[in-house]
There are 2 protein chains.
Amino acid sequence: MAGKDKGTENHIKETAKAVFFKEGRFNATTQEIADAAGVNRTLLHYYFRSREILLEKVLLEGQEVFRKKMNEHALTGLSFKEKISQLIDVWMDRVKEFPYLDSYLASQIHNTNLWENLKMNDKEQRKNIADFFAELQEEMAAGRVAKMEPMQFLLNFISMVSYPVIMRPLMENSFFNSKKAYVQAMSERKEAILSTLFR
Amino acid sequence: MAGKDKGTENHIKETAKAVFFKEGRFNATTQEIADAAGVNRTLLHYYFRSREILLEKVLLEGQEVFRKKMNEHALTGLSFKEKISQLIDVWMDRVKEFPYLDSYLASQIHNTNLWENLKMNDKEQRKNIADFFAELQEEMAAGRVAKMEPMQFLLNFISMVSYPVIMRPLMENSFFNSKKAYVQAMSERKEAILSTLFR
DNA sequence: GCCATGTTTGACAAAATTGTTAAACAAAGG
DNA sequence: CCTTTGTTTAACAATTTTGTCAAACATGGC
């Protein structure tokens with residue numbers, strides 16, 4: 001078949017995404033990825049030249065999609081709390097789709113090359129954060145959020161959403177009796193986070 | 001030298017701990033560890049038979065030390081908030097000593113063998129958590145802590161302490177202008193966490 | 001029908017790593 | 001002094017993985 005050009009390339013990327021970030025097989029070999037995609041290993045190199053480049057592409061593209069979605073939801077006309085609530089949803093959706101993505105990022109803590117590429121110096125991005133912080137400070141002034149550096153609030157927010165997922169096995173083994181109990185807790189997570197961030 | 005028996009074995013373990021969890025070189029080879037310890041690679045196998053076993057031992061022992069220290073501080077006669085404050089200190093101390101430990105755990109999310117070994121079914125451990133929860137519920141009743149499942153509070157607490165460290169490169173690149181700004185934020189972290197957990 | 005592109009097959013070199021073994025060496029302790 | 005234990009040296013087999021290559025095959029588009 002000659003027409004598959006972009007098709008297969010994309011299919012391989014999607015497969016890699018699934019293998020790495022849905023199944024969490026961070027050490028999957030090129031062979032395993034090719035098998036999962038139902039193509040020959042040589043084809044991976046044909047399109048991506050190396051395993052590293054494939055992984056990098058997949059990661060960058062995913063990050064881009066996610067970043068955009070977060071920005072969208074941070075820019076609605078909703079109340080601040082409602083906005084946070086939606087951002088939690090977006091994040092949790094991603095986490096449900098790619099439960100191992102953040103774990104992978106955590107494991108790549110030393111891959112400076114990776115972080116270099118994920119860096120975003122957008123003016124736009126910075127402006128969004130600034131706007132977000134301005135709104136947040138109004139909330140603090142109004143007493144609906146505990147007073148602190150906006151950055152600390154942001155760290156708290158991200159931490160509470162992401163950590164329990166990244167560390168699921170540790171949390172499950174340390175504090176929960178069963179997988180079921182953990183799933184139950186996760187379903188109640190959003191409300192708990194909101195109760196903690198707002199007063 | 002004949003008398004080094006337990007000495008060298010320990011020295012290797014300490015070195016491995018440093019290489020893995022202080023320097024974060026998760027993929028360090030047996031050769032690299034041996035070099036760092038100033039001994040021959042064969043000696044590693046002499047003492048530990050395999051890289052995996054060495055790593056496992058190091059991890060288990062470290063976990064044990066940490067667990068004990070946390071329990072100590074959870075059992076003092078201090079006020080609940082003061083107790084939490086101390087637990088944050090203990091955790092942050094560990095994090096300063098072994099900045100890559102949690103990242104490593106996150107990266108091993110699939111190593112069921114590891115989690116099996118880290119599991120703790122202690123009656124004692126469970127009792128400690130139960131006591132902690134009882135105290136926490138008093139705090140909620142008194143309105144000093146937002147009402148929620150105690151387990152959610154625990155997740156919040158651990159998340160906010162641990163996540164910013166695990167994800168340091170991501171956070172630094174995404175939200176901070178400089179390493180210095182990040183370090184500054186970390187030094188103010190404890191107060192921010194307490195303000196968020198208590199009201 | 002032919003060409004370009006996508007795709008498979010099979011094979012290969014090169015490197016990295018692990019675990020093992022045999023032999024020698026060092027030195028402490030009896 | 002001799003034995004035991006710890007330690008090094010050197011070499012080796014086995015395995016895994018990566019990236020590359022040449023050749024053949026398939027097929028859609030011209």
Side-chain angles (χ1 to χ4, degrees), chain A residues 1-21 23-61 100 104 107-108 110-114 117, chain B residues 1-21 23-61 100 104 107-108 110-114 117:
Chain A
M1 325 140 193
K4 283 207 173 178
D5 22 314
K6 211 71 179 205
T8 331
E9 180 170 353
N10 249 308
H11 171 60
I12 294 175
K13 275 198 284 199
E14 287 307 310
T15 306
K17 221 189 276 185
V19 168
F20 288 131
F21 308 134
E23 302 172 28
R25 294 159 51 201
F26 303 151
N27 296 317
T29 70
T30 52
Q31 185 62 64
E32 288 174 293
I33 299 166
D35 287 350
V39 303
N40 195 281
R41 188 171 72 90
T42 313
L43 207 56
L44 255 70
H45 292 98
Y46 174 72
Y47 281 120
F48 304 100
R49 234 184 61 236
S50 81
R51 182 186 183 279
E52 205 187 348
I53 293 174
L54 166 60
L55 191 34
E56 199 178 276
K57 281 202 174 169
V58 162
L59 208 46
L60 244 62
E61 287 185 15
Y100 298 97
Y104 178 77
S107 79
Q108 293 303 301
H110 258 178
N111 189 340
T112 50
N113 199 39
L114 172 64
N117 289 328
Chain B
M1 327 141 196
K4 283 208 174 178
D5 21 314
K6 210 68 179 211
T8 330
E9 180 170 353
N10 250 307
H11 171 61
I12 294 175
K13 275 199 285 201
E14 288 306 311
T15 305
K17 221 189 275 184
V19 168
F20 290 130
F21 308 133
E23 302 172 28
R25 295 159 50 199
F26 302 152
N27 296 318
T29 70
T30 53
Q31 185 63 64
E32 288 174 293
I33 299 166
D35 287 350
V39 301
N40 194 281
R41 189 171 70 91
T42 313
L43 208 56
L44 255 70
H45 292 96
Y46 173 72
Y47 281 121
F48 304 101
R49 233 183 62 236
S50 81
R51 181 185 183 281
E52 205 187 347
I53 293 175
L54 166 61
L55 190 35
E56 200 178 275
K57 281 201 174 170
V58 162
L59 208 47
L60 244 61
E61 289 185 13
Y100 298 97
Y104 177 77
S107 78
Q108 292 304 300
H110 260 178
N111 188 341
T112 49
N113 199 39
L114 172 65
N117 290 328

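Letters A, B, ... mirror the listed sequences (proteins, then strands); counts begin at 1. Side chains are part of it too, since the values below use all heavy atoms of this structure and drop only hydrogens, waters and symmetry mates.
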Measure the distance from NE2 on A/H11 to C1' on C/dT7 and round it to the nearest whole Å.
-> 13 Å

Does A/T42 have any side chain to side chain contact (heavy atoms under 4.5 Å, CB included) partners at least two apart in sequence or in another chain, and if so, which?
-> A/N40

Any donor-acceptor N or O pair under 3.5 Å, side chains B/D35, B/Q31 | yes

Spacing of A/L54 atom CG relative to D/dT18 atom P, expressed in whole Å = 11 Å

Quickly work out the A/L44 CG to D/dT18 P distance and round it to whole Å.
-> 10 Å

Per-nt protein contacts along nucleotides 11-23 of chain C (heavy atom under 4.0 Å; B base, S backbone sugar-phosphate only, - none) come out as B-----SBBBB--

For B/R49, enumerate each residue passing the side chain to side chain contact (heavy atoms under 4.5 Å, CB included) test, keeping only those at least two apart in sequence or located in another chain.
-> B/I53

Atom pair distance, as rounded to whole Å: CG in A/L43 and P in D/dA24 = 19 Å

Could you check how far CG of A/N40 sits from P of D/dG19, rounded to whole Å?
-> 15 Å

Pairing residues for A/K13 by the side chain to side chain donor-acceptor pair (under 3.5 Å) criterion, not counting sequence neighbours = A/E61

Round to a whole Å and report the spacing from OH of A/Y46 to P of C/dG6.
-> 4 Å

Of all residues at least two apart in sequence or in a different chain, which pass the ring-ring contact (aromatic ring centres under 6.0 Å, His included) check with B/H110?
-> A/Y100

How would you list, by chain and number, every residue that makes a ring-ring contact (aromatic ring centres under 6.0 Å, His included) with B/F26, sequence neighbours excluded?
-> B/Y104

Let me know the distance between OH of A/Y47 and P of C/dT8, rounded to the nearest Å.
-> 9 Å

